[in-house]
Amino acid sequence: MSSYAPRRVLRGTHWNYRIIDTVSGDNTHTSFAFKAEVILLENTLNIPRWAFIKGAPVSDVTAMENLDRECRRYRIPGVASAACFRRMCDVIDTHDSEMYIALEWLDTTLAQLKYLPNMRTYAIIATFLKAVLESCVVLEIQKYVNTDYKPVNILLSSIATGVITAKVGDMGLVFPADHRYEAQPYAMRAPKAVAAMLLCWIKPGVLGAWDSPHFLINTACPKWNIPTPDEVEGESFKAAVRSARRMSQEEPGLQAILPLEEEIRGVDMPQQLSDLLCLMPVVDPSERPSASSVLALKEFRAFQTFSGV
């Protein structure tokens, strides 16, 4: 845990940052985070009032690797200038036991909201779906993939207004597309992963007790041909396949999961969103639509029109 207490000031390149409070995540992050007040150093226009400060202790190798990777990912062509990503403002080197980055502050995350079948919720969904899919397109062009789609990383502002802002946060687990198969299996890459995240938020537990997609594939998506343990390389992959096959056949909770289209149709949501969600979760890489093709679907446009976005 960081030694920085409220009111402590971190000195950045362009601005200083006075720590206001800690920010809690979903208990999966190894870094620590704060809300900070931005302090003007020089005459600068459009200075933000708040910033999101993310840090890691030098002693935590994994947290430092993720933080350094996040900094580097903002140098991927098109990322820093894309409105769909949270903006990075500063890299703060304290020259001691911790490192920080300052990022754009947004009001809340999808994880802090509850799905309600109403027009405000549909407008939020349409807005963040567009942002997330656009972020996928930017990364795909440069042959990268985000392996960390989850509600806590979907950032939102002005959700009570007619001009909702949605952005993708946490770039620490963005990898070259041909790496980290174990972090996000090819069967669960965007837009499949985005649809799975949305469905898990709408109907918690739909993918099992931990909403893990690995065991869902053979249950809710029976047309997807999962390889046998003999067809994959590496003991960790073989063990994962054996476990997934066993659980999909023996776990009562997983046996109760219906085919994905039936699960989607059973949720209280507009037809336009249901139609879109039924098209996005294609797990077979040879048939799965790209993020750009989903953005161009008539079903996506129909949902946007319905939600007024």
Where do [X] and [Y] come nearest, in terms of heavy atoms and distance?
| X | Y | answer |
| --- | --- | --- |
| Asp148 | Asn146 | N-OD1, 2.9 Å |
| Thr109 | Val152 | CG2-O, 3.5 Å |
| Pro176 | Arg73 | CD-NH2, 3.9 Å |
| Leu133 | Pro191 | CD2-CB, 3.9 Å |
| Val38 | Pro48 | CB-O, 3.3 Å |
| Cys84 | Ala131 | CB-O, 3.3 Å |

Any residue meeting side chain to side chain donor-acceptor pair (under 3.5 Å) with [X], in chain and number order, not counting sequence neighbours:
| X | value |
| --- | --- |
| Glu104 | Lys167 |
| Glu37 | Arg18 |
| Thr108 | Gln112 |

Between [atom1] of [X] and [atom2] of [Y], what distance do you get to the nearest 0.5 Å?
| X | Y | atom1 | atom2 | result |
| --- | --- | --- | --- | --- |
| Gln142 | Arg75 | CD | CZ | 14.0 Å |
| Leu199 | Met280 | CG | CE | 10.5 Å |
| Glu98 | Asp60 | CD | CG | 11.0 Å |
| Leu113 | Ile154 | CG | CD1 | 11.5 Å |
| Ile124 | Met119 | CD1 | CE | 11.5 Å |
| Lys35 | Trp105 | NZ | CH2 | 5.0 Å |

Evaluation steps, side-chain contact (heavy atoms from CB on, under 4.5 Å), between Leu276 and Leu129
CA-CA 11 Å; Leu276 180 61; Leu129 269 183; 4.0 Å; yes
Could you check if a side-chain atom of [X] sits within less than 4.5 angstrom of a side-chain atom of [Y], using non-hydrogen atoms only?
| X | Y | value |
| --- | --- | --- |
| Ile76 | Tyr144 | yes |
| Ile47 | Trp15 | yes |
| Val194 | Leu198 | no |
| Lys54 | Glu70 | yes |

Give a yes or no on whether [X] and [Y] share a hydrophobic cluster (residues Ile, Leu, Val, Met, Phe, Trp, Tyr; joining criterion: side-chain heavy atoms under 4.5 Å apart).
| X | Y | result |
| --- | --- | --- |
| Ile141 | Val174 | yes |
| Val61 | Leu67 | no |
| Leu40 | Ile19 | yes |
| Val309 | Phe303 | no |
| Ile264 | Leu116 | no |

Keeping Ser135 on the side-chain end and Val132 on the backbone end, is there a donor-acceptor pair under 3.5 Å?
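Yes; judged by distance alone, with no hydrogens or angles, the pair exists.
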Counting distance only, does the side-chain N/O of Thr147 pair as donor-acceptor with the main-chain N or O of Leu173 below 3.5 Å?
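Yes; at least one donor-acceptor contact below 3.5 Å.
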If the condition is side chain to side chain contact (heavy atoms under 4.5 Å, CB included), which residues does [X] pass it with, not counting sequence neighbours?
| X | value |
| --- | --- |
| Ser293 | Pro289, Ser290 |
| Leu279 | Leu297, Glu299 |
| Ala102 | Tyr17, Ile53, Cys89, Asp90, Ile92 |
| Asp68 | Arg72 |

Return the set of residues passing ring pair (Phe, Tyr, Trp, His ring centres under 6.0 Å) with Tyr74 (not counting sequence neighbours), or none when no residue passes.
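Here no residue qualifies.
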Which ILVMFWY residues are connected to Leu155, directly or by a chain of links, through side-chain heavy atoms under 4.5 Å apart?
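Leu155 clusters with Leu106.
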Residues Lys150 and Asp170 bridged, charged N to O under 4.0 Å
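A salt bridge is absent here (no side-chain N lies under 4.0 Å from a carboxylate O).
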Before giving the answer on side-chain contact (heavy atoms from CB on, under 4.5 Å), spell out for Ser292 and Val137 the whole-Å C-alpha distance, their side-chain angles and the decisive distance to 0.1 Å.
CA-CA 6 Å; Ser292 57; Val137 173; 3.9 Å; yes
Tell me the side-chain hydrogen bond (donor to acceptor under 3.5 Å, both in side chains) pairs involving residues 114-131, sequence neighbours left out?
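Qualifying pairs: Asn118-Thr121, Lys130-Glu134.
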Output every pair passing side-chain hydrogen bond (donor to acceptor under 3.5 Å, both in side chains) with a member in residues 76-88, not counting sequence neighbours, ordered by first then second residue.
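Non-adjacent pairs meeting side-chain hydrogen bond (donor to acceptor under 3.5 Å, both in side chains): zero.
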Can you list every pair that meets salt bridge (charged side-chain N to carboxylate O under 4.0 Å, His left out) and has a residue in residues 266-276, with sequence neighbours left out?
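For residues 266-276, and leaving out neighbouring residues, the salt bridge (charged side-chain N to carboxylate O under 4.0 Å, His left out) pairs sorted by first residue read Arg265-Asp275.
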Using the side-chain contact (heavy atoms from CB on, under 4.5 Å) rule, take Thr13 and Val91 through it: C-alpha gap first, then chi angles, then the decisive distance, then the call.
CA-CA 8 Å; Thr13 303; Val91 177; over 6 Å; no
Are Val145 and Glu140 close enough, and set up right, to give a side-chain contact (heavy atoms from CB on, under 4.5 Å), and what steps lead you there?
CA-CA 7 Å; Val145 61; Glu140 284 173 2; over 6 Å; no
Quick one: sort the Trp201 and Phe128 rings into parallel, tilted or perpendicular, breaks at 30° and 60°.
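Taking Phe128 first and then Trp201, their aromatic rings stand perpendicular (interplane angle over 60°).
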